[in-house]
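Along the sequence shown, residues are numbered consecutively beginning with 1. Side chains included, hydrogens not; waters and symmetry mates left out as well; all remaining heavy atoms used.
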Amino acid sequence: MLSFENDYSEGAHEKILQRFMETNLEKVSGYGSDPYCESAKQKIREACECPQADVYFLTGGTQTNAVVISSMLESYEGVVAAQTGHVACHEAGAIEYSGHKVITVPQYKGKIKVEDLKNCLKTFWDDESHEHMAFPGMVYISHPTEYGTLYTKAELEEISSVCRSYNIPLFLDGARLGYGLMSEETDVTLPMIAKYCDVFYIGGTKVGALCGEAVVFSGNRTPKHFLTLIKQRGALLAKGRLLGIQFDTLFTDNLYFEISRHAIAMADYLKKGLAEKGCRFYLDSPTNQQFVILENRKMTELKKEVKFSFWEKYDGNHTVVRFATSWATKKEEIDQLLDLF
């Protein structure tokens, strides 16, 4: 069975597994106070060109989103996100479970338009009864988005400017950040993200790690006693070394970026092959997620030999499905997939 279901089907990059073996019997302090976490934090600060950044490690994306958002918002505040944002539709109400409303705005290929964000914030503050409503206390975006699309530098700068004019933080979900940064169509770099976002995270789970996300507070908005807040929410890993070792390895010799570049190369190869087979794309994604419109009978037939993700119904006879490449995807696997079309 071929698998293009997601970008976290495999385990971890072999260099990470090797580091686990090499350090397995070392006795180090827990809860992220070990030398591997410290080394990883420093390497991330250097990669972000942000020496003052505060860096913390958590184990998964939903957990990270819930902890960051709930710890940065006041009890009466919500988070603004695109209608298709991960926190709005694919996290089982995790944000609402923490007591905070997800305030949705229209999406355009997965992205927020700055005009819609301005309208949302202005409408709230112009409403004389806004004291009876959930305050927009943060803006959430993801890069890449749920549809594999990317914000441009200009868009990121504009959204950041609006957030700062209203004195609310901009939070960037980077679960697939490596794939966004290595796209040939992006003009956004990691230092730019650190410059324009108050907090973001560097995804490891979907980019070569067994698990783990690195949360980066690049400005002065780190919540007071954030480590304590992580533990209070049940998200502090006693064996923090497991996360530190992984990110220390990923940020050694540009491994994170090299394996991300491989996934993009495989996605480009897949996109070209599908186009040659006459497939229709739902939208143009420059990253590792490719969205294809399949006739329902073809989709049913393909399911017998390939794992892929249902995305949404296109019409009565067609469905949008997603094929995802990863840091570990092999060209031979793509060739086998293309032979089925």
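Between Y147 and F291, the ring-plane angle classifies as tilted under the 30° and 60° cut-offs. In this pair, H130 and F135 present their aromatic rings perpendicular. The plane angle is above 60°, beyond the 30 to 60° band. Ring planes of F247 and F57: parallel class, angle under 30° (limits at 30 and 60°).
Linking Ile, Leu, Val, Met, Phe, Trp and Tyr residues whenever their side-chain heavy atoms come within less than 4.5 Å places L302 and L270 in a single cluster. Under the 4.5 Å side-chain heavy-atom criterion for Ile, Leu, Val, Met, Phe, Trp and Tyr, V102 and L172 are members of distinct hydrophobic clusters. Under a hydrophobic-cluster definition in which Ile, Leu, Val, Met, Phe, Trp and Tyr are linked whenever side-chain heavy atoms come within less than 4.5 Å, directly or via other members, I112 and Y196 are assigned to the same cluster. Transitive grouping of hydrophobic side chains (ILVMFWY, heavy atoms separated by less than 4.5 Å) brings L58 and V199 into a common cluster. Cluster annotation: V162 is connected to I193 through the hydrophobic network of ILVMFWY side chains, with a link wherever side-chain heavy atoms come within less than 4.5 Å.
Taking CD from Q290 and OG1 from T325, the interatomic distance works out to 7.5 Å, rounded to the nearest 0.5 Å. In this structure, CD1 in I95 is found 8.0 Å from OH in Y140, a value given to the nearest 0.5 Å. With rounding to the nearest 0.5 Å, the separation of CG in L177 from OH in Y256 is 5.0 Å. Separating the SG atom in C279 from the CG atom in L294 is a distance of 6.5 Å, to the nearest 0.5 Å. Separation of atoms OG1 (T64) and CZ (F171) is listed at 7.0 Å; rounding is to 0.5 Å. Within the model, atoms SG of C163 and CG of L170 stand 4.5 Å from one another, a figure rounded to the nearest 0.5 Å.
Side-chain atoms of D54 and T222 include a donor-acceptor pair closer than 3.5 Å. In summary, the side chains of S70 and R233 do present a donor paired with an acceptor at a separation below 3.5 Å, with no hydrogens or angles considered. D116 and Y108 share no side-chain donor-acceptor pair at under 3.5 Å. In summary, the side chains of N6 and S9 do present a donor paired with an acceptor at a separation below 3.5 Å, with no hydrogens or angles considered. A donor-acceptor pair shorter than 3.5 Å cannot be found between the side chains of Y179 and Q289. Side-chain contact check for S39 and D248: at least one donor-acceptor pair (N or O, by modelled atom type) lies under 3.5 Å. Checked by atom type, the side-chain pair E77/H100 shows no donor-acceptor distance below 3.5 Å. T252 and K43 are linked by a side-chain donor-acceptor pair at a separation below 3.5 angstrom, with hydrogens and angles left out of the test. Remark: the E213 side chain and the T59 side chain contain no N/O donor-acceptor pair separated by less than 3.5 Å. For S326 and E10, the side-chain atoms include at least one donor-acceptor pair closer than 3.5 Å. Checked by atom type, the side-chain pair E22/Q18 shows a donor-acceptor distance below 3.5 Å.
Of the options R176, H86, R322, a side chain to side chain donor-acceptor pair (under 3.5 Å) to E146 is made by H86 and by none of the others.
Formation of a donor-acceptor pair under 3.5 Å by the T205 side chain with backbone atoms of C211 is not found in this model. Counting only distance, with no hydrogens or angles, the side chain of H90 and the backbone of G85 share no donor-acceptor pair below 3.5 Å. Although no hydrogens or angles enter the test, the distance criterion places no donor-acceptor pair under 3.5 Å between the side chain of T145 and the main chain of S142. Side-chain atoms of T149 never come within 3.5 Å of backbone atoms of G110 as a donor-acceptor pair (strictly under, hydrogens ignored). Side-chain N or O atoms of S260 include none that pairs as donor or acceptor with a backbone N or O of M182 at under 3.5 Å.
With a 4.5 Å cut-off on side-chain heavy atoms, V105 and L117 do not count as touching. Taking the side chain as every heavy atom from C-beta outward, V28 and R241 approach each other to under 4.5 Å. L150 places a side-chain heavy atom less than 4.5 Å from the side chain of S183. Contact check for I69 versus M138: side-chain heavy atoms found under the 4.5 Å cut-off. In this structure the side chain of E333 reaches within 4.5 angstrom of the side chain of T329, judged on heavy atoms. Contact of the L242 side chain with the F20 side chain is registered, since non-hydrogen atoms from C-beta on lie closer than 4.5 Å. Between H318 and R280 the shortest side-chain heavy-atom distance falls below 4.5 Å. A heavy-atom distance below 4.5 Å is found between the side chains of Y269 and I334.
Using a 4.0 Å cut-off between charged side-chain N and carboxylate O, E155 and K111 make a salt bridge. For the pair D187 and K153, the salt-bridge criterion is not met [side-chain N within less than 4.0 Å of a carboxylate O]. Between E258 and R261 there is a salt bridge, since at least one side-chain N of the basic residue sits less than 4.0 Å from a carboxylate O of the acidic one. In summary, K109 and D284 do not engage in a salt bridge, as defined by a charged side-chain N under 4.0 Å from a carboxylate O. A salt bridge between R297 and E295 is present, with a side-chain N of the basic residue lying under 4.0 Å from a carboxylate O of the acidic one. Using a cut-off of 4.0 Å between Lys/Arg side-chain N and Asp/Glu carboxylate O, E38 and K41 are scored as salt-bridged.
Here the closest non-hydrogen pair linking T123 and N119 is OG1-O, 2.6 Å. Closest non-hydrogen pair, A82 versus A88, comes out as O-CB, 3.7 Å. For the pair I168 and P136, the tightest heavy-atom approach, listed with the atom from each and the gap, is CG2-O, 3.7 Å. The minimum heavy-atom distance linking I159 with V114 is given by the pair N-CG2, 4.2 Å. Among all heavy-atom pairs drawn from C37 and G240, the shortest one is SG-O, 3.4 Å. When all heavy atoms of P223 and L229 are compared, the pair lying nearest together is CB-CD1, 3.9 Å.
A cation-pi contact, defined as under 6.0 Å to the ring centre and within 45° of the axis, links K298 to F341.
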Could you go through the side chain to side chain contact (heavy atoms under 4.5 Å, CB included) check for F308 and L2 one step at a time?
-> CA-CA 9 Å; F308 50 86; L2 294 171; over 6 Å; no
Verdict with supporting geometry, M266 and F4, side chain to side chain contact (heavy atoms under 4.5 Å, CB included) = CA-CA 11 Å; M266 292 297 96; F4 291 86; over 6 Å; no
Could you go step by step and tell me if D198 and R221 meet the salt bridge (Lys or Arg N to Asp or Glu O under 4.0 Å) rule?
-> CA-CA 7 Å; D198 300 284; R221 288 186 180 268; 3.5 Å; yes
Please report the C-alpha distance between Y314 and T319 in whole Å, then the side-chain angles of each, then the deciding distance to 0.1 Å, and finally whether the side chain to side chain contact (heavy atoms under 4.5 Å, CB included) criterion is met.
-> CA-CA 5 Å; Y314 185 75; T319 300; 5.8 Å; no
Candidate pair L237 and L243, rule side chain to side chain contact (heavy atoms under 4.5 Å, CB included), full reasoning | CA-CA 9 Å; L237 190 64; L243 301 175; 3.9 Å; yes
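The local environment of CG in N220 is sparse, with at most 12 non-hydrogen atoms from other residues, nucleotides or ligands closer than 6.0 Å. Crowding of M21 atom CE: a count of heavy atoms from other residues, nucleotides or ligands under 6.0 Å not exceeding 12. The neighbour count for K330 NZ, taken as heavy atoms of other residues, nucleotides or ligands under 6.0 Å away, does not exceed 12.
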